[in-house]
Amino acid sequence: MDKYLENELQTAIALARKASNAILEIYQTDFEVEEKTTKDNHTEPVTIADKIASKIIVEGLAEKFPDDWILSEEEHDAIDTRITKSRVWMIDPIDGTKGFVEKAGDFAVQIGLVENGEPVVGVVLHPTKNLLYYATKGNGAFMVENNKEPIKMLVSEQTDFAEMTLAESRSHRSPRMKELVQHFGFKGDFQHGSVGLKVAFLARKVADAYIHLSPRTKFWDTAAPEAILREAGGIL
């Protein structure tokens, strides 16, 4: 393993687990749900769990890597400064907040490190399943289930649409998506929350493709998942 990224990976995993523990504590309670408005006037749910998890991860990374920039969904982004930095951590403290709010279980903690515009470290943790997915550039992608030994992941080599399973968003099903499924003639499709978890399904060969039509995808949605997908032999 590239020792240069080992410290970054282990720090990200430890912070993801710490954030996950805090999230699960709140998940068991009757927490309040607020609405936040994005720059394009779209409203999204946000909870105290999103904010606490973000604080845990941001403060932990800032302490360990003070020279790096940190971009989190729940924190202010000084874009003029961020674009001057060669290393940027991109964090989604709860990817799939809707699944968290609905207590559907399909949400994830995502921490990615981007170096000179390329995702080089990715950590995606599925709290309710205790499933960890991680990768570092040049070292492969791995899954850890219930703290067992890591299992290396490789994407499917299937290229025939009639034999491929499509992963798609549980909350963004649209007539356009239905048309795409029918047009390409996928063997089957299933819906699930969290961009990171659906990308992980590709790395695990649970699905062969993932189509996402939402125009609101952000850097923190894809940074960690892309690092994992690339190392599993896939492309985003």
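Just so it is clear, the model here is predicted, and its values are computed rather than measured.
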Please table the atom pairs, donor to acceptor, closer than 3.5 Å between any side-chain atom in residues 224-231 and protein atoms at least two apart or in another chain.
unit_1, atom_1, unit_2, atom_2, d
E226, OE2, R230, NE, 3.1
E226, OE2, R230, NH2, 3.0
R230, NH1, E118, OE2, 3.2
E231, OE1, G138, N, 3.2
E231, OE1, N139, N, 3.2
E231, OE1, G140, N, 2.8
E231, OE2, G138, N, 2.8

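Atoms CD1 and CD1, on I57 and I70 in that order, are 10.0 Å from each other to the nearest 0.5 Å. One distance of note links CD of E168 with NZ of K178; it measures 11.5 Å at 0.5 Å rounding. One distance of note links CD1 of I211 with CG of L166; it measures 5.0 Å at 0.5 Å rounding. Rounding to the nearest 0.5 Å gives a distance of 4.0 Å between CE of M143 and CD1 of I151. In this structure, NZ on K218 lies 11.0 Å from OG1 on T222, to the nearest 0.5 angstrom. To the nearest 0.5 Å, the span separating CG on L113 from OG1 on T11 amounts to 10.5 Å.
Evaluation of the salt bridge (charged side-chain N to carboxylate O under 4.0 Å, His left out) test over residues 141-153, restricted to residues two or more places apart or in two chains, returns none. Sorted by first then second residue, the side-chain hydrogen bond (donor to acceptor under 3.5 Å, both in side chains) pairs that include residues 194-211, not counting sequence neighbours, are D95-S194, Y133-R204, S156-D208, Y210-H212. Here side-chain hydrogen bond (donor to acceptor under 3.5 Å, both in side chains) pairs that include residues 103-112, with residues two or more places apart or in two chains, are D106-R170.
Between I56 and L15, the shortest heavy-atom contact is O-CD2, 3.8 Å. When all heavy atoms of V109 and I23 are compared, the pair lying nearest together is CG2-CD1, 3.6 Å. Heavy-atom minimum distance, T128 versus G105: OG1-O, 2.9 Å. Across every non-hydrogen atom of L125 and S20, the tightest pair is CD2-CB, 3.5 Å. Considering all non-hydrogen atoms of both residues, A53 and P93 come closest at CB-CB, 3.7 Å. Counting all heavy atoms, side chain and backbone alike, L197 lies closest to F107 at CD1-O, 3.7 Å.
A salt bridge does not link E73 with K51: none of the charged nitrogens is closer than 4.0 Å to a carboxylate oxygen. For the pair R82 and D77, the salt-bridge criterion is met [side-chain N within less than 4.0 Å of a carboxylate O].
Among I91, L132, T136, the one residue that satisfies the side-chain contact (heavy atoms from CB on, under 4.5 Å) test with V123 is L132. Considering W220, F65, F219 as possible partners of W89, the one that fulfils the ring-ring contact (aromatic ring centres under 6.0 Å, His included) test is F65. Remark: of the listed residues I13, L5, N7, I13 is the sole one forming a side-chain contact (heavy atoms from CB on, under 4.5 Å) with L9.
Hydrophobic clustering (ILVMFWY, side-chain heavy atoms < 4.5 Å, transitive): I94 and V195 are in distinct clusters. Both L24 and I111 are part of a single hydrophobic cluster, where members link through side-chain heavy atoms under 4.5 Å apart. No continuous path of hydrophobic side-chain contacts links V206 to L131 [ILVMFWY only; heavy atoms under 4.5 Å]. No continuous path of ILVMFWY side-chain contacts below 4.5 Å connects W69 to V58, so the two sit in separate hydrophobic clusters.
At least one donor-acceptor pair under 3.5 Å links the side chain of Q158 to the backbone N or O of D160.
Contacts of E115 classified as side chain to side chain contact (heavy atoms under 4.5 Å, CB included), with partners at least two apart in sequence or in another chain: Y4, R87, V120. Remark: K55 pairs with E59 by the salt bridge (charged side-chain N to carboxylate O under 4.0 Å, His left out) rule, at least two apart or across chains.
Using bins of under 30°, 30° to 60° and over 60° for the plane-to-plane angle, the ring pair F184/F161 lands in the tilted bin.
Looking at T97 and D50, their side chains do bring a donor and an acceptor atom within 3.5 Å of each other. Counted by atom type alone, S54 and E75 present one or more donor-acceptor pairs between their side chains at under 3.5 Å.
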